[in-house]
Amino acid sequence: VAAYTTLIRGFCKANQMDKAYATFRNMIAVGNKPDVVLYSILIDGYCKAKNLKAALSLLDDMKTCNIAANVVTYSTLIDGCCKAGQIDKANILLSEMIKAGCSPNVVTYNSMIDGFCQSGATDMALKVLAEMESKECHPTVVTYSSLICGLCKAGKASDACKLLKKMPKSGCEPNIITYNGLIDGLCKANKVDDAHGLLDELLKTGFTPNVNTYSSLIDGYCKIKNVDLAVKLFGGMRGFCSPNVITYTTLIRGLCSSGQINSARKMFDEMNNAGIHPDIYTYNVLLKGLCRARRSEEARELMKSMKTNGCKPNLVTYNTIIDELCKIVRLDLAFLYLEEMKVDGILSDVYTYSVLVRGLCKGRRHAEAKELLNSMKTQGCTPNVVTYSAIIDELCKLQELHHALSYFEDMKDNGCAPE
RNA sequence: CGCCUGAACACAGCUAG
C-alpha cells in the first residue's frame, strides 16, 4: 500500500487523475485495502483538478467501505468546495464532520475563512475567526494572512491593519505572504499608492520583497492606468528578484491597454530573449491588445505563431479572437474560429455565445441571433444578463419593443436579474 | 502505554454588454 500511495500521490501532484485513479483501482483489484490517507490524497487530487464531483463520490466510497474519514479528509474537501466557490457545500460538510464526531481543526477553519474572503464575505470570515477563538483553536499566520488579504480587497484596509497589529499578541509573526497579500489587497482596492508606500516602509525594516510583491504592484499601477510607474517598478525590482512570466505578462497587458502595442511587442521579444517562455496568458494578453488596436491581421498571425510555439489556444483565446471578428463584422471568420475551437475539443461558454449574439445582431442577422440564444440553452450554457442585453438592445434599436420585453421576461424567468 | 512515518489551509497575470 505504501508503494501504491507514493505512486498515486505522484500522479495527483502531476494532475494526472486518470492515471491516479487507474492505479488506485488496480491496487484494489490485486487485493490491497486503501486507507484513509490514500483516500485523502485522491480526494485532494480531484479537488485540485477542479473535479469536486469525483472528490465527493470518493467520500461516499469511503462510507460504503467503512473507512472513517478524518479531519484531514474533511478539511481537504471543505477546502476544495471553498476554492470552487461552493461555500454552502463546505458548510454542509462542516456540519457533517462534526456530526460524525470529527472536530474541525485550524486548517479546516482556515479554509472556511479563505473561502469567505475570496467571495468578499469578510464578515462571515471574521465570524469564523471568533468561533475559533471561542473554541481555543489558535489562529496561525495562515489564518491572519487570508483575512488581511480579504479585508484589503473588500476595501477594509483599516480592519486589516488592526489584525496585523494583533498578530504578535497571538504568537504569530507576519511573513512575506502576509505582506504580499496586504499589498495585493490594497492594489485590488485601487489603493496602489498606499501599497507602494507600504513596500517602501517595509524595505526600511529590512524586508526582502519577491517577484509576487512586484507583480502585484505592477498590476496595480497598470490597472489604474499608470503604466509609467509600472515600468519603473519593473526596472527597480532587479535588485531583489527577477521578473517571471507573470510579471512580463502583467506589464504587457498594461502597455497594451494604454495603447502602447509596439512597446508591448518589444517586451514580448525581450522576455523570449531572457529565456522566459510566454504562456497562454501572455499570448491571450497580447492577442487582446492587438484586437483592441484593431490590428486583426496581426492577431490572426499571433494565433498561428502561438501554435507553432507549442502553446495551444484555449477558450479565452478563441473568445478574444471571435469577439474581435464580430466587432469588425467578419462573421465568416468568427464562425471559422468557432469551428476550429470545436475541433480542438473546446466547449463554448457564455462569453462565446454573448459575443456571437452581438455580432450576429451587428451583422443584421437577427433570426440567427435569436436561434443562437435558444441553442445555447440546449448546449447546457445558460445565457446571462450580458447575453440577453445583446438581444434586447438590438430589438430596442429595431423598435420591436414587445419582442424586447418578451426577452426581458424570459430573462427574469431564467433567474437572471436585470441590472 | 509512549514515540515516530505518508494526506489538507494563506500572496501576483488573460476574454463579452
Side-chain angles (χ1 to χ4, degrees), chain A residues 1-2 5-6 8-9 12 35-45 47-48 70-80 82-83 105-115 117-118 140-150 175-185 187-188 210-220 222 244-254 256 279-289 291 314-324 326-327 349-359 384-390 392-393 419:
Chain A
V1 177
T5 301
T6 306
I8 289 170
R9 193 186 38 199
C12 288
D35 65 2
V36 59
V37 173
L38 181 52
Y39 267 107
S40 301
I41 291 172
L42 274 165
I43 287 174
D44 187 47
C47 286
K48 299 227 155 76
N70 64 18
V71 60
V72 175
T73 323
Y74 277 112
S75 300
T76 304
L77 269 167
I78 286 172
D79 188 60
C82 287
K83 293 221 161 48
N105 66 13
V106 60
V107 175
T108 325
Y109 286 120
N110 285 347
S111 289
M112 290 299 302
I113 286 178
D114 195 57
C117 284
Q118 298 289 353
T140 63
V141 61
V142 175
T143 320
Y144 286 108
S145 299
S146 276
L147 276 165
I148 287 170
C149 181
N175 61 18
I176 187 166
I177 297 184
T178 319
Y179 288 120
N180 283 349
L182 183 54
I183 287 171
D184 189 57
C187 287
K188 294 240 162 29
N210 66 11
V211 62
N212 290 35
T213 323
Y214 279 100
S215 297
S216 286
L217 280 166
I218 288 169
D219 188 50
C222 287
N244 63 13
V245 58
I246 296 186
T247 324
Y248 273 105
T249 302
T250 304
L251 191 56
I252 288 171
R253 196 185 99 86
C256 286
D279 66 8
I280 184 71
Y281 283 69
T282 321
Y283 279 108
N284 288 346
V285 161
L286 191 56
L287 186 72
K288 179 67 185 169
C291 289
N314 67 8
L315 178 61
V316 174
T317 319
Y318 282 111
N319 285 345
T320 304
I321 192 78
I322 291 172
D323 178 41
E324 167 61 9
C326 284
K327 286 193 170 118
D349 70 355
V350 64
Y351 282 74
T352 325
Y353 285 109
S354 297
V355 303
L356 280 168
V357 167
R358 194 165 287 279
N384 65 14
V385 61
V386 180
T387 328
Y388 279 109
S389 300
I392 292 172
D393 275 358
E419 287 177 355

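Protein chains get the first letters and strands the later ones, always in sequence-line order, with residue 1 at the start of each.
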*Determine whether any donor atom in the side chain of D279(A) lies under 3.5 Å from an acceptor atom in the base of rG13(B), or the reverse, and answer yes or no.*
yes

*N212(A) side chain to S215(A) backbone, donor-acceptor under 3.5 Å*: no

_Using whole Å, what does the distance between atom P of nucleotide rU15(B) and atom CG of N384(A) come to?_
16 Å

*asked:* Donor-acceptor pair, distance only, cut-off 3.5 Å: does the side chain of S146(A) make one with the backbone of T143(A)?
replied: no

*Once you round it to whole Å, what is the distance between C1' of rG17(B) and OH of Y353(A)?*
18 Å

*Rounded off to whole Å, could you give me the CG-to-P distance for the L315(A) and rC14(B) pair?*
15 Å

*Classify the nucleic acid contact of V385(A) as base, sugar-phosphate or nothing, counting any heavy atom under 4.0 Å across all strands shown.*
base

*Check whether any side-chain nitrogen or oxygen of R253(A) sits under 4.0 Å from OP1 or OP2 of rU15(B), and answer yes or no.*
yes

*Is there a donor and acceptor pair, one atom on the side chain of T249(A) and one on the base of rG13(B), closer than 3.5 Å?*
yes

*Taking the side chain of Y281(A) as heavy atoms from C-beta outward, which of rU15(B), rG13(B), rA16(B) is closest to it?*
rG13(B)

*May I have the distance from I218(A) (atom CD1) to rC14(B) (atom P), rounded to whole angstrom?*
14 Å

*Side-chain N or O of K288(A) closer than 4.0 Å to phosphate OP1/OP2 of rG13(B)*: no

*Measure from CD1 on I321(A) to C1' on rC14(B) and round the result to the nearest Å.*
14 Å

_Contact pattern, 5' to 3', of nucleotides 6-11 of chain B - B, S or - by protein heavy atom under 4.0 Å_ = BBBBBB

_Does either side chain, that of N244(A) or that of T247(A), offer a donor lying less than 3.5 Å from an acceptor on the other one?_
yes

*Can you name the one residue among I218(A), D184(A), N180(A) that meets side chain to side chain contact (heavy atoms under 4.5 Å, CB included) with T213(A)?*
N180(A)

*Whole angstrom is fine here: how far is it from CG in L251(A) over to P in rC14(B)?*
13 Å

*asked:* When you compare the side chains of D219(A) and S216(A), does any donor N or O come within less than 3.5 Å of an acceptor on the partner?
replied: no

*Flag the pair D323(A) and R358(A) as a salt bridge only when some basic side-chain nitrogen lies within less than 4.0 angstrom of an acidic carboxylate oxygen.*
no

_Residues T178(A), N175(A); criterion side-chain hydrogen bond (donor to acceptor under 3.5 Å, both in side chains); working and verdict_ = CA-CA 5 Å; T178(A) 319; N175(A) 61 18; 2.9 Å; yes

_Value in whole Å for how far the P atom of rA12(B) lies from CD1 of I148(A)_ = 15 Å

*When you get a sec, tell me which of rA12(B), rA16(B), rU15(B) is the closest nucleotide to the side chain of N319(A)?*
rU15(B)

_Does S389(A) reach a base, just sugar-phosphate, or nothing at all? Heavy atoms under 4.0 Å._
base

_Interatomic distance where CG belongs to L286(A) and P belongs to rU15(B) [whole Å]_ = 13 Å

